[in-house]
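Data block below; observations after.
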Amino acid sequence: MRILIIGGTKFLGRHLTDAALAAGHDVTLFNRGRNYADEKIAGVAQIHGDRNSNLEKLSSGEWDAVVDTCGYLPQTVKKSAEFLKDKVNQYVFISSGSVYADTIEPDYDEMTATAELSAEQQKSVEQINPNSELNGQTLGENYGALKVLCEKAVETAMPNRVLSVRAGMIVGAFDWTDRFAYWVMRISNGGEILAPGTPGNYVQLIDARDLSDWIFKMIA
């Protein structure tokens, strides 16, 4: 298949690129060239541009699917989906398990209510610069609800051609947050460990490699 990955050089994006190549797909990356910009990946076409202002760089291409790894604001995702709707057959949006309003009790699923921005939160997100460094950490408590709005924006632009991936905590190599590997290494050192949170809370982990393989099976 012909695969376009928006991002593709940071954490999950790198695993998606590896998985696509391993499966024999034709891969194109579209990103700003800020992460590992000097790396040349064999068999991968790289187009450098900002999704907020340089989508025209994708004008001449057509793909079986696009995987959007870095959509955080609905207006940004809407722009990408509307531009690509006649150039791709399927839009895969990397969302988050954080979209759910209540994640304290285990066993919630796709029918569980999703998060919504309060009026105060809405005012704060309207001030966010789409060209700034956006991620779950910088967006904080707004992250989940914004992912919900992104999902809706994609589905509106490309109805019935969208896969929104609501993964749990993604772990593995290239994770710049170090939110999982730190604890594995710390515990391996032994001794008394000061840990945050409540021991009874649940967390669902998924290896970025497994998630990447699954995504391409779903596209197929």
Side-chain angles (χ1 to χ4, degrees), residues 3-23 25-55 57-58 61 63 65-74 76-77 79-81 84 88 91-99 128-140 142-144 146-147 150-151 154 163-185 205-216 218-219:
I3 303 295
L4 171 65
I5 300 177
I6 302 178
T9 58
K10 192 174 182 180
F11 191 26
L12 179 60
R14 296 189 70 172
H15 290 284
L16 285 165
T17 300
D18 289 343
L21 292 173
H25 302 311
D26 181 10
V27 182
T28 300
L29 304 185
F30 177 63
N31 53 58
R32 295 172 297 182
R34 295 182 180 179
N35 297 298
Y36 316 105
D38 294 332
E39 291 190 8
K40 302 297 182 183
I41 306 173
V44 175
Q46 298 199 51
I47 302 173
H48 290 162
D50 191 310
R51 62 184 300 169
N52 291 295
S53 54
N54 303 129
L55 288 172
K57 291 189 175 184
L58 301 175
W63 297 271
V66 56
V67 185
D68 185 348
T69 70
C70 51
Y72 299 103
L73 299 178
T76 297
V77 174
K79 185 183 298 184
S80 299
L84 292 169
V88 301
Y91 199 112
V92 178
F93 178 67
I94 304 302
S95 186
S96 169
S98 298
V99 299
I128 295 175
N129 179 359
N131 293 310
S132 60
E133 194 61 37
L134 301 177
N135 53 60
Q137 290 185 351
T138 59
L139 292 172
N142 301 323
Y143 174 69
L146 283 172
K147 281 288 190 179
C150 288
E151 290 184 6
V154 181
L163 171 64
S164 289
V165 181
R166 297 175 174 178
M169 183 179 288
I170 306 171
V171 301
F174 314 126
D175 182 359
W176 58 273
T177 70
D178 206 25
R179 60 187 176 180
F180 177 75
Y182 166 82
W183 294 106
V184 176
M185 297 174 68
L205 308 176
I206 185 166
D207 190 296
R209 295 167 297 183
D210 293 333
L211 179 59
S212 297
D213 289 340
W214 178 84
I215 285 172
F216 287 111
M218 293 301 100
I219 292 173

Where do [X] and [Y] come nearest, in terms of heavy atoms and distance?
{"X": "Phe11", "Y": "Trp176", "value": "CB-CD1, 4.4 Å"}
{"X": "Ile94", "Y": "Thr69", "value": "CG1-CA, 3.8 Å"}
{"X": "Gly7", "Y": "Leu29", "value": "O-CB, 4.0 Å"}
{"X": "His15", "Y": "Ala173", "value": "NE2-O, 2.9 Å"}
{"X": "Ala65", "Y": "Ile219", "value": "CB-CG2, 3.7 Å"}
{"X": "Cys70", "Y": "Asp68", "value": "N-OD1, 3.2 Å"}

Evaluation steps, side chain to side chain contact (heavy atoms under 4.5 Å, CB included), between His48 and Asn54: CA-CA 9 Å; His48 290 162; Asn54 303 129; over 6 Å; no
Quick one: pull up [atom1] in [X] and [atom2] in [Y] and give me the separation to the nearest 0.5 Å.
{"X": "Phe30", "Y": "Arg51", "atom1": "CZ", "atom2": "CZ", "answer": "8.5 Å"}
{"X": "Leu139", "Y": "Glu133", "atom1": "CG", "atom2": "CD", "answer": "10.5 Å"}
{"X": "Asp213", "Y": "Leu16", "atom1": "CG", "atom2": "CG", "answer": "9.5 Å"}
{"X": "Leu146", "Y": "Leu134", "atom1": "CG", "atom2": "CG", "answer": "9.0 Å"}
{"X": "Leu73", "Y": "Asn142", "atom1": "CG", "atom2": "CG", "answer": "10.0 Å"}
{"X": "Leu84", "Y": "Leu55", "atom1": "CG", "atom2": "CG", "answer": "6.5 Å"}

Aromatic plane relationship, Phe93 with Tyr91 - under 30° parallel, 30 to 60° tilted, over 60° perpendicular: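 The arrangement is tilted - the two ring planes meet at 30° to 60°.
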Ring pair (Phe, Tyr, Trp, His ring centres under 6.0 Å) against Phe216, all qualifying residues, sequence neighbours excluded: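 Phe216: ring pair (Phe, Tyr, Trp, His ring centres under 6.0 Å) contacts with His25.
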Positive for side-chain contact (heavy atoms from CB on, under 4.5 Å) with Ile170, one of Asp210, Val165, Asp207, Ile206: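 It is Ile206, the one option of Asp210, Val165, Asp207, Ile206 that forms the side-chain contact (heavy atoms from CB on, under 4.5 Å) with Ile170.
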CA sep, side-chain torsions, deciding dist, call: Ile47, Leu4, side chain to side chain contact (heavy atoms under 4.5 Å, CB included): CA-CA 10 Å; Ile47 302 173; Leu4 171 65; 5.8 Å; no
Met169: partners by side-chain contact (heavy atoms from CB on, under 4.5 Å), with sequence neighbours left out: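 Applying side-chain contact (heavy atoms from CB on, under 4.5 Å) to Met169 gives Val171, Arg179, Val203, Leu205.
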Under 3.5 Å, is there a donor-acceptor pair between the side chain of [X] and the main chain of [Y]?
{"X": "Ser95", "Y": "Ser164", "result": "no"}
{"X": "Lys79", "Y": "Asn52", "result": "yes"}
{"X": "Lys147", "Y": "Gly71", "result": "yes"}

Side chain to side chain contact (heavy atoms under 4.5 Å, CB included) between Val66 and Leu58, worked out: CA-CA 12 Å; Val66 56; Leu58 301 175; over 6 Å; no
Steps toward side chain to side chain contact (heavy atoms under 4.5 Å, CB included) verdict (Tyr72, Asn135): CA-CA 7 Å; Tyr72 299 103; Asn135 53 60; 4.3 Å; yes
Crowding at CZ, Arg209 (>12 non-hydrogen neighbours, <6.0 Å):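 No, CZ of Arg209 has 12 or fewer neighbouring heavy atoms, counting only those of other groups under 6.0 Å.
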Which residues share a side-chain hydrogen bond (donor to acceptor under 3.5 Å, both in side chains) with Ser53, sequence neighbours left out: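 Here no residue qualifies.
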